[in-house]
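Written out below as structure tokens is the structure these notes cover.
Predicted model, so just to flag it, every value in this text is computed and none were measured. Throughout, protein chains are lettered first and strands after them, A, B, ... in sequence-line order, and every chain is numbered starting at 1.
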Protein chains: 2
Amino acid sequence: MGHTRVTATTSDEGAAVPVTIRDVARASGVHISTVSRTFSAPHLVNPETRVRVLACAEDLGYRPNRAARALITGRTHNIGLIIADIANPFFPPLIKAAESQARHRDYHVFVADTNEDPTAEEELVHALAKQVDGVLLCSPRMSNSLIEQLSREVPLVVVNRQVAGLPCVLMDVGQGARTAIEHLIGLGHRGIALLGGPRSSWTNREMRRAASAAARSGGAELTVLGPNAPTEIGGSAVAEQVRRSGVSAVLAYNDLMAIGLIEGLDALGVRVPQEVSVVGVDDITLSRLTRPKLTTVATPTGAAGRTAVDMLLQQDIESPRGARGPGAGTALGIRRTTAQVMLQTDLVIRDSTGPGPHARPARPLAAPPGPDPHCPAGPGDPTVATGDAVAS
Amino acid sequence: MGHTRVTATTSDEGAAVPVTIRDVARASGVHISTVSRTFSAPHLVNPETRVRVLACAEDLGYRPNRAARALITGRTHNIGLIIADIANPFFPPLIKAAESQARHRDYHVFVADTNEDPTAEEELVHALAKQVDGVLLCSPRMSNSLIEQLSREVPLVVVNRQVAGLPCVLMDVGQGARTAIEHLIGLGHRGIALLGGPRSSWTNREMRRAASAAARSGGAELTVLGPNAPTEIGGSAVAEQVRRSGVSAVLAYNDLMAIGLIEGLDALGVRVPQEVSVVGVDDITLSRLTRPKLTTVATPTGAAGRTAVDMLLQQDIESPRGARGPGAGTALGIRRTTAQVMLQTDLVIRDSTGPGPHARPARPLAAPPGPDPHCPAGPGDPTVATGDAVAS
DNA sequence: TACTTCATTGCAAACCTTTGCAGCATCACG
DNA sequence: CGTGATGCTGCAAAGGTTTGCAATGAAGTA
């Protein structure tokens, strides 16, 4: 058994006897339908009866069988959460927030990891479709058209990807990139590189667009390097290229790449931030722990998770899925509301950015020179517009 | 709307028409029971019929309704995974491995986060009990007796905690601590501190026991500091205390604490590893990314997740839960096998440990002087002993 | 030929809950 | 006192699947 110890024993234990609505009915002397209503429509049952039933239920330790409930209502009270890679530090806060939000709404969350594989993504949606009321697709790797197609099978909310006709939760990395570039220009940098991420990434395109515009209007020159793998390795691999390009500042696709780049530069003897400034995106926990501490564009990951759950549930609530009740059969067209929510990002200035070659000596390196000052509370949860409401 | 943009539109879409076993039966001209058997007991149906049914099912896009199946079999094919804090970098690899393993066995995983709250833990077990076939309790914060009690409600597997009579997956941190201490002694350290974690932690007790023994037999003196919060903050908070204690090396309860400590020491002007060596435990991704790179005891997190799932499923397979089939009712005692698996740990030497005051100049600081050389493949998955098998 | 065995399939009950409908008091009002 | 309304409860069907049992037919055996 090599490097593992195993000890085993067996024993007999009393099995949990399943207590059903029927037991509660018998104990409290009412019909099962009354018990059912006590839980699902309390206002329809006499207060006296209600307390008696509740007492009996409590006594017997009754818990409704969600499978049976799902069978008849068509709603499982479960949602699926499909993630490219759970071990990527960007996602755990999102998972955590989504799970918490769902639980507050009496939903449970299936978490599934695709290992960055688009095929696995598709299969998972299929596999989950029948046993959840909706699926959150986080940073999907499959094509928009496939996503649209799958959305006919099960309600979908997409995070970090813009899909026409589907509810999306996006982070305003455009604004983030702009603020970051302005911060660098304010520090006196004129030659700036953008370390691109995966080609198919919506975030990547947005960042590039915004960074170019900001550099142009700030009188700086932007060099785009990439696409690259959005990992630490991807970052360290371009260190040499960054050095050769002669830029004095870099905006990386995400924190992992930024950290990798700093490592790579260090190995080449290039010091950060003295010789090159580096900005990341995401503000993962890690970015506070490396040295130098990373200046980064904080993305509201938790808020994204909560918002996505809200949007999904909102959709579900107005349109129960599948056959419904005994007299069903007319499930032809459901009204579906598709909102796109854009969450604000915030630049967090730490130690990986410093004065560039064109710095004015007097200038203190403090707050970012962004056009609008951020509210200090940080990014909060948006109110999701319902129905035909349109804002901005 | 403050810092958030929301746009919304509504549209009508065709709802997914649920295709049931009945549709498949009609399409392929057989009875529904034959369709059912095609999926759940293929050997009972004529090969010809089988292919026809499968073709029709494929055609119509049939997916079995797991709620209905669960209702009658009493098995949901879901498992619960209760985690103290998803955002703690120790857990994601475990979650990822468990989810993957479960999926290979045609199970889905509910992930729930307790925010380190024992009460939430208990509630979650209750809430999940009826809708999963078993629960994985990871690094639980509640008492052993409560865990035992809950295990009568739903099959439980415990990770990182030893509970008599319950299947447990443990990491051999005792061995890890011993190896780490021996490594430090080999480097010439004689005054060593142990940074304790939470008091109620099984891991904490094991480490302390093993570290004391190793220090004693190696002629070093061990100072125990703590208990402390198992976080970066907890680590940096004791930096001053470490400096005052005059030790030249520290073994921390986990990597986060070790990293926090290094930060704290740095702030005090104490350099690592030149003045103080630091060893962590866990080998989280982060430990490769900080500077200096952390020497640490690697715990087989992924293997733990996989093993725990295996143990749970093994238990389930031999003992279906609750009422079973039409003629049930005799669910009095089920046979349950409780194995305790101990997974090996491995010392990973990086840059946060160096020669101590008693170092012999000639000695290269290479491999650890542990009594048994590790197999280089690293910790693998154990074979779980079934039934009455007992190994070592 | 008659009888058994076997493979395959159909039948129908059961799992637990929800919910439309109907029944029954009770009460108020005219 | 009759009528209608109201509040509460019971009845029974329905949801999709599994599974013990029975029925069928074919093949093998005596």
Side-chain angles (χ1 to χ4, degrees), chain A residues 17-26 28-53 57 60 62-77 129-131 320-331, chain B residues 16-26 28-53 57 60-77 129-131 320-331:
Chain A
V17 190
V19 28
T20 77
I21 211 177
R22 197 157 262 110
D23 301 313
V24 179
R26 198 174 315 122
S28 48
V30 296
H31 194 261
I32 57 163
S33 55
T34 303
V35 179
S36 171
R37 276 187 277 254
T38 304
F39 290 99
S40 52
H43 59 280
L44 288 182
V45 16
N46 186 319
E48 261 176 74
T49 326
R50 197 193 308 160
V51 300
R52 189 157 35 101
V53 170
L60 283 84
Y62 167 74
R63 309 252 161 194
N65 181 324
R66 295 177 84 128
R69 183 180 285 180
L71 190 54
I72 186 162
T73 62
R75 324 201 71 247
T76 61
H77 267 241
K130 269 281 177 49
Q131 79 181 307
R321 300 210 306 123
R324 179 155 172 70
T330 56
Chain B
V17 190
V19 28
T20 77
I21 211 177
R22 198 157 260 112
D23 301 314
V24 179
R26 198 174 314 121
S28 48
V30 296
H31 193 262
I32 58 164
S33 56
T34 303
V35 179
S36 171
R37 277 187 275 256
T38 305
F39 290 99
S40 53
H43 60 281
L44 288 182
V45 16
N46 187 319
E48 263 176 72
T49 326
R50 195 192 311 160
V51 300
R52 188 157 36 99
V53 171
L60 286 97
Y62 167 74
R63 310 252 161 195
N65 181 324
R66 295 176 85 128
R69 183 178 285 180
L71 190 54
I72 186 161
T73 62
R75 322 200 73 249
T76 61
H77 267 240
K130 267 282 178 43
Q131 81 180 303
R321 298 210 310 122
R324 180 155 174 71
T330 57

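With distances taken from any side-chain atom of A:Ala68 to the nucleotides C:dC16, D:dT19, D:dT17, the minimum falls on C:dC16. Listed candidates were C:dT18, C:dG10, C:dT17. Nearest to the side chain of A:Thr20 is C:dT17.
The interatomic distance linking B:Asn46 (CG) with C:dC6 (P) rounds to 18 Å, in whole Å. Atom CZ of B:Arg66 is separated from atom C1' of C:dC16 by 19 Å (rounded to the nearest Å). If you take CD of B:Gln131 and C1' of C:dC16, they are 14 Å apart, rounded to a whole angstrom. Whole-Å rounding puts the B:Leu44 CG to C:dG10 P distance at 13 Å. Across the protein-nucleic acid pair, A:Arg26 atom CZ and D:dT9 atom P stand 19 Å apart, rounded to whole Å. Taking atom NE2 of B:His77 as the reference point, atom P of D:dG16 lies 20 Å away to the nearest angstrom. For the pair B:Glu48 CD and C:dT8 P, the computed distance is 10 Å after rounding to whole Å. Counting to the nearest Å, the C1' atom of D:dT17 and the CD1 atom of B:Ile32 are 7 Å from each other.
Within the 4.5 Å cutoff, the side chain of A:Thr34 has heavy atoms near those of the A:Thr49 side chain. At least one side-chain heavy atom of B:Val24 sits less than 4.5 Å from a side-chain heavy atom of B:Val53. In this structure the side chain of A:Arg66 never reaches within 4.5 angstrom of the side chain of B:Lys130, judged on heavy atoms.
With hydrogens and angles left out, the side chain of A:Arg37 and the base of D:dG10 share a donor-acceptor pair within 3.5 Å.
Among the heavy atoms of the strands lying under 4.0 Å from A:Ser33 is at least one base atom, whether or not backbone atoms are also near. Across all strands shown, A:Ser36 has heavy atoms under 4.0 Å from base atoms, whether or not it also approaches the sugar-phosphate. Contact annotation for A:Tyr62: backbone-only contact, meaning every heavy-atom pair under 4.0 Å involves sugar-phosphate atoms and none involves a base. Residue-level contact check: A:Val35 touches neither bases nor backbone, having no heavy atom under 4.0 Å from any strand.
Heavy-atom nearest nucleotides on DNA chain D were determined for B:Asn65 and for A:Val45, and the one closer to the 5' end corresponds to A:Val45. Map A:Thr49 and B:His31 each onto its nearest nucleotide of DNA chain D; the residue landing nearer the 5' end is A:Thr49. Judged by closest nucleotide on DNA chain C, A:Leu71 is the one of A:Leu71 and A:Thr34 placed further toward the 5' end.
Listed here is the closest heavy atom pair of A:Tyr62 and A:Pro64: OH-CA, 3.2 Å.
Applying the salt bridge (charged side-chain N to carboxylate O under 4.0 Å, His left out) criterion to B:Arg22, with sequence neighbours excluded, gives no partner residue.
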